[in-house]
Amino acid sequence: MSMKDEEKKHDQAQETLEQQGLIMKTIRTIAELRLFMLRNERPIYFISASPFNLIGIEEWVGSFKFISYIDPFDGRHPDVFVPSKIPGFKPKSIEDITNHLLQHPEVIDCITRRGGRPGIVCLMFNEKTEEICKKLGVEILLPTAKLRQHFDNKMETVRIGNKAGVPSVPNALGPARAYEELLSEARKAGLGTDLVVQTAFGDSGKTTFFIASEDDYNRRAAEISAEGEVKIMKRINCRSATIEACTTASGTLVAPTHDRNNRQAGADALQGRLGWQ
């Protein structure tokens, strides 16, 4: 075999491994990134309440499918699979929905029939999800639940931001087991008395409390006082915006700023907490 034939055979083998997601080539441009992702042949699934968070990525990533609890497309999207509803299932969290879907017979059948080395991404998952996926032979293409839980703690993200020199709304971290203790912590930090209090975990604002009086505190006392540490912030008027980024071995990808969230009535699975469209 000539040297030219050897090189061609090597390139073909390299290309096959890259397509299967077994090795990563060095990507230098957006065009190369788009081509690399489009040529992906490994089955990848987004498992969540709805396709909202990653909708459109199927046009960038080959072999990408959505497995959802809610179908905003009413069956018209070819890459969205929604299994039939199981009577009696009442989710209390996004993690509940993720685990419910992964254990649904129709979802297991869908993933098994498609074959390959299935990988999944989720909006939220926990240790139970990891156990389920291990039994199914499915890889979670995300950091571990333990690490995600650590960084999902709002107290930790404040500390990380401070260490990195990224300031946040004026705040103090400390206990607020009574209204007077809350005011004491706020006074020490010069935050005033019109406050916003957050506990460590929670999504879509369900653990964010606006406290401007003792009556306000008393209405949320059970949740706030149960925490050993809360984030106490000065209340400000701000323009809402969010930005997402993904750190990889090849660099950090930053998405455009998202400055508008509109709640679609009736599109939520958790009584108003999942219907942001």
Side-chain angles (χ1 to χ4, degrees), residues 48-49 53 90-100 122-131 142-245 258 261 263 268-276:
S48 196
N53 302 88
K90 296 180 179 179
K92 295 181 179 179
S93 67
I94 299 175
E95 292 90 338
D96 284 351
I97 292 175
T98 302
N99 295 335
H100 168 77
C122 318
L123 181 61
M124 302 291 285
F125 70 96
N126 52 26
E127 286 84 357
K128 182 178 179 180
T129 318
E130 293 174 329
E131 293 174 7
L142 293 165
T144 65
K146 183 178 180 180
L147 185 61
R148 284 167 60 91
Q149 180 83 349
H150 174 74
F151 287 119
D152 195 36
N153 185 321
K154 293 181 178 64
M155 313 306 130
E156 289 303 318
T157 55
V158 170
R159 293 188 178 99
I160 292 168
N162 291 342
K163 187 175 180 180
V166 179
S168 53
V169 174
N171 69 84
L173 304 180
R177 291 160 294 197
Y179 183 60
E180 282 304 320
E181 187 171 39
L182 172 66
L183 290 183
S184 175
E185 293 289 336
R187 276 194 295 267
K188 286 188 286 186
L191 304 177
T193 58
D194 194 0
L195 305 168
V196 180
V197 177
Q198 285 186 322
T199 55
F201 302 101
D203 64 271
S204 301
K206 63 185 179 183
T207 56
T208 299
F209 311 114
F210 295 89
I211 310 295
S213 68
E214 188 166 5
D215 286 341
D216 290 340
Y217 178 89
N218 290 337
R219 279 191 288 271
R220 297 297 187 178
E223 296 104 317
I224 297 172
S225 63
E227 302 289 325
E229 183 180 51
V230 295
K231 182 180 179 182
I232 305 164
M233 294 174 282
K234 178 179 181 179
R235 186 170 182 175
I236 65 170
N237 292 321
C238 63
R239 180 177 179 181
S240 298
T242 184
I243 190 167
E244 297 196 34
H258 183 197
N261 285 318
R263 180 175 177 268
D268 49 354
L270 291 178
Q271 298 180 351
R273 297 196 296 273
L274 288 182
W276 300 99

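Being a predicted model, the structure only gives us computed values, none of them experimental. These numbers come from the heavy atoms of this one structure, side chains and all, not from hydrogens, waters or symmetry mates.
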Asker: Mind running side-chain contact (heavy atoms from CB on, under 4.5 Å) on Y217 and V197 for me, showing each step along the way?
Answerer: CA-CA 10 Å; Y217 178 89; V197 177; over 6 Å; no

Asker: Would you please test L195 and D216 for side-chain contact (heavy atoms from CB on, under 4.5 Å) and show each step?
Answerer: CA-CA 10 Å; L195 305 168; D216 290 340; over 6 Å; no

Asker: Do I224 and L182 make a side-chain contact, defined as non-hydrogen atoms from C-beta onward lying under 4.5 Å apart?
Answerer: no

Asker: Go through the steps to decide whether K128 and E131 satisfy the test salt bridge (Lys or Arg N to Asp or Glu O under 4.0 Å), and finish with yes or no.
Answerer: CA-CA 5 Å; K128 182 178 179 180; E131 293 174 7; over 6 Å; no

Asker: To the nearest 0.5 angstrom, please state how far the CZ atom of R159 sits from the CG atom of N153.
Answerer: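 Rounded to the nearest 0.5 Å, the CZ-CG separation comes to 7.5 Å.
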
Asker: Minimum heavy-atom separation for P91 to I97, with atom names?
Answerer: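 P91 and I97 have their closest heavy atoms at CB-CG1, 3.6 Å.
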
Asker: Kindly indicate whether the side chain of K146, heavy atoms from C-beta on, has any atom under 4.5 Å from the side chain of H150.
Answerer: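 The answer is no; the side chains never approach within 4.5 Å.
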
Asker: Going from CD on E229 to CD on E156, what distance comes out if it is rounded to the nearest 0.5 angstrom?
Answerer: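 E229 atom CD to E156 atom CD measures 8.0 Å (nearest 0.5 Å).
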
Asker: Measure across L191 and A172 and return the closest heavy-atom pair with its distance rounded to 0.1 Å.
Answerer: CD1-N, 3.9 Å

Asker: Which atom pair, heavy atoms only, marks the closest approach of S48 to I94?
Answerer: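 S48 and I94 have their closest heavy atoms at OG-CG2, 4.2 Å.
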
Asker: Is there a side-chain contact between D152 and F201, using heavy atoms and a 4.5 Å cut-off?
Answerer: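 Yes; the side chains approach each other to less than 4.5 Å.
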
Asker: Are K188 and E185 within salt-bridge range, i.e. N to O under 4.0 Å?
Answerer: yes

Asker: Taking all non-hydrogen atoms of both residues, which atom of P175 and which atom of E181 are closest, and how far apart?
Answerer: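 Nearest pair, atom of P175 first, then E181: CG-OE2, 3.5 Å.
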
Asker: Please name the pair of heavy atoms, one in A186 and one in I232, separated by the smallest distance, quoted to 0.1 Å.
Answerer: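 Minimum heavy-atom separation between A186 and I232: CB-CG2, 4.4 Å.
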
Asker: What I'd like to find out is whether the side chain of V196 reaches to under 4.5 Å of the side chain of F209, using heavy atoms alone.
Answerer: no

Asker: How long is the gap from OG1 on T144 to CD on E127, to the nearest 0.5 Å?
Answerer: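 CD of E127 is found 8.0 Å from OG1 of T144.
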
Asker: Side chains of I211 and Y179: does their closest heavy-atom pair fall under 4.5 Å?
Answerer: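 The answer is yes, as the side chains (C-beta and beyond) meet within the 4.5 Å cut-off.
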
Asker: Run the salt bridge (Lys or Arg N to Asp or Glu O under 4.0 Å) check on E130 and R148 step by step: do they pass?
Answerer: CA-CA 12 Å; E130 293 174 329; R148 284 167 60 91; over 6 Å; no

Asker: State the OG1-CZ distance between T193 and R235, to the nearest 0.5 angstrom.
Answerer: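 Those atoms lie 11.5 Å apart.
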
Asker: If you look at every heavy atom in V169 and M233, which pair is closest and at what distance?
Answerer: CG1-CB, 4.2 Å

Asker: Please indicate whether E244 has more than 12 foreign heavy atoms, meaning atoms of other residues, nucleotides or ligands, lying under 6.0 Å from its CD.
Answerer: no

Asker: With rounding to the nearest 0.5 Å, note down the distance linking CD in E95 to OG1 in T98.
Answerer: 6.5 Å

Asker: Measure the shortest side-chain to side-chain distance between N171 and Q198 over non-hydrogen atoms and say whether it is less than 4.5 angstrom.
Answerer: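 In short, these two side chains do not touch, never coming nearer than 4.5 Å.
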
Asker: With side chains defined as the heavy atoms from C-beta onward, is the minimum distance between L173 and K231 less than 4.5 Å?
Answerer: yes

